[in-house]
Amino acid sequence: MIRVLLYIKHNLPGVWKLTETVNGILFKLLYWKRFNEAVSRVLDSSPGSEYEYRLLQPDDLKSLEALLINQKPDRLEYFNPHAFDYKSLLNVCNNPAFFMFGVFKGEELVGYFFLRCFWNRKCFVGRIICPAYEGKGIGKEMNRIMYNTGWMAGFRVLSTISRNNKLVMRSHAGNPYMVVVKELKDNYFMVEFLQGTDKDGI
């Protein structure tokens with residue numbers, strides 16, 4: 001199933017657009033309320049910090065567009081969950097099955113992370129942080145929000161990773177929640193983040 005979806009996404013954009021539309025309708029009917037409640041509960045439980053973590057609103061999308069297009073090309077080589085222009089970001093923001101989050105330092109957007117949900121109770125996660133703000137614990141809090149939201153809503157939390165993506169491979173090297181579930185073509189593999197694999201919890 002996942003291989004089919006990945007093939008459609010990367011090779012059949014028209015079919016992928018239809019798939020996203022149908023999935024959004026099914027997800028909203030079946031799970032949106034439950035998932036949205038999980039988002040609120042997890043965000044409300046965030047510890048005090050100099051950074052603000054919250055759902056992005058349409059008014060934030062110009063800032064997100066700037067954050068993404070100003071990244072160096074090598075940082076975006078393996079990060080392509082959607083197009084980065086404002087119109088595309090607005091379409092994603094309006095998709096009930098796609099939860100977009102931002103990390104703010106005051107008024108500045110310094111990080112972006114998301115959960116792309118599917119009606120079969122799987123969600124895929126991804127994140128990007130401005131280089132100047134790496135190593136400050138932001139990635140760990142992003143993970144806490146993404147994983148716990150998915151788990152609380154009763155979803156499997158997944159991601160696809162390229163073995164050639166040294167930045168992500170390094171960031172996940174000590175991730176106690178990650179297990180490889182499937183090898184994919186082109187040196188990619190699928191991982192799942194499992195609740196309870198870390199004895200200290202998250």
Side-chain angles (χ1 to χ4, degrees), residues 1-24 27 35 39 53-58 60-103 109-120 122-131 134 138-139 142-143 145-147 149-150 153 155-169 171-172 175 178 182 184-193:
M1 178 66 172
I2 299 299
R3 287 190 176 95
V4 172
L5 288 174
L6 289 172
Y7 178 84
I8 292 172
K9 178 183 176 183
H10 295 296
N11 296 281
L12 301 169
V15 177
W16 177 249
K17 184 177 180 179
L18 177 61
T19 301
E20 290 247 87
T21 300
V22 173
N23 177 71
F27 176 82
F35 212 94
V39 168
Y53 299 80
R54 63 171 174 82
L55 283 169
L56 292 177
Q57 303 300 319
D60 299 313
L61 299 182
K62 285 292 185 182
S63 295
L64 178 57
E65 179 185 40
L67 181 150
L68 293 171
I69 66 176
N70 287 325
Q71 298 297 311
K72 292 182 178 179
D74 62 312
R75 294 180 62 80
L76 299 176
E77 184 177 359
Y78 303 102
F79 185 81
N80 56 354
H82 48 66
F84 299 154
D85 62 282
Y86 176 79
K87 183 178 179 181
S88 297
L89 294 175
L90 186 59
N91 287 336
V92 173
C93 190
N94 289 330
N95 182 345
F98 206 111
F99 291 78
M100 308 170 79
F101 299 83
V103 185
L109 180 64
V110 302
Y112 167 56
F113 58 114
F114 64 84
L115 293 105
R116 181 196 294 270
C117 304
F118 290 89
W119 66 271
N120 60 353
K122 295 182 175 69
C123 62
F124 285 77
V125 299
R127 72 184 203 198
I128 190 165
I129 305 169
C130 289
E134 290 180 344
I138 291 174
M142 287 175 161
N143 289 349
I145 293 169
M146 293 186 296
Y147 301 170
T149 297
F155 277 57
R156 293 179 66 188
V157 181
L158 306 159
S159 186
T160 54
I161 300 174
S162 170
R163 296 186 187 277
N164 300 323
N165 189 342
K166 296 179 181 179
L167 180 65
V168 170
M169 292 294 291
S171 70
H172 281 303
N175 191 326
M178 188 180 83
K182 190 175 297 184
L184 303 172
K185 68 175 186 177
D186 298 328
N187 218 19
Y188 276 80
F189 59 99
M190 183 182 300
V191 300
E192 180 171 2
F193 303 100

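No hydrogens, no waters, no symmetry mates; every other heavy atom, side chains included, goes into these values.
Side chain to side chain, Asp85 and Ser88 meet the donor-acceptor criterion of an N or O pair below 3.5 Å. Side-chain atoms of Asn143 and Arg127 form a donor-acceptor pair, as typed in the model, at a separation below 3.5 Å.
Paired with Phe114 under the rule ring-ring contact (aromatic ring centres under 6.0 Å, His included), one option of Phe101, Phe124, Phe98 passes, and it is Phe98.
Side-chain atoms of Asn95 do not come within 3.5 Å of backbone N or O of Thr21 as any donor-acceptor pair. Panel note: side chain Gln71, backbone Leu76; no donor-acceptor pair is recorded below 3.5 Å. Side-chain N or O atoms of Arg75 include one that pairs as donor or acceptor with a backbone N or O of Ile129 at under 3.5 Å.
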Side chain to side chain contact (heavy atoms under 4.5 Å, CB included) for Asp60 and Leu109? Distances and angles first, verdict last.
CA-CA 9 Å; Asp60 299 313; Leu109 180 64; 5.8 Å; no
Would you sort out whether Lys122 and Glu192 count as a salt bridge (charged side-chain N to carboxylate O under 4.0 Å, His left out), showing the intermediate values?
CA-CA 10 Å; Lys122 295 182 175 69; Glu192 180 171 2; over 6 Å; no
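Ion pairing between a basic and an acidic side chain is recognised when a charged N comes within 4.0 Å of a carboxylate O; Glu77 and Lys166 show no such pairing.
One distance of note links CD1 of Ile145 with CG of Leu55; it measures 9.5 Å at 0.5 Å rounding. The distance from the CG atom of Asn70 to the CZ atom of Phe84 is 12.0 Å, given to the nearest 0.5 Å. Atom CG of Leu89 is separated from atom CG of Leu56 by 9.5 Å, given to the nearest 0.5 angstrom. Interatomic distance, Thr149 OG1 to Phe35 CZ, rounded to the nearest 0.5 Å: 6.0 Å.
Taking the six-membered ring where the residue is Trp, Tyr147 and Phe193 present parallel rings, their angle staying beneath 30° rather than reaching 60°.
By the 4.5 Å heavy-atom criterion applied to side chains, Val125 and Met142 are not counted as neighbours.
When every heavy atom of Leu68 is checked against every heavy atom of Tyr112, the shortest pair comes out as CD2-CD2, 4.3 Å. Contact detail for Phe118 and Phe27: the closest heavy-atom pair is O-CD1, 4.4 Å.
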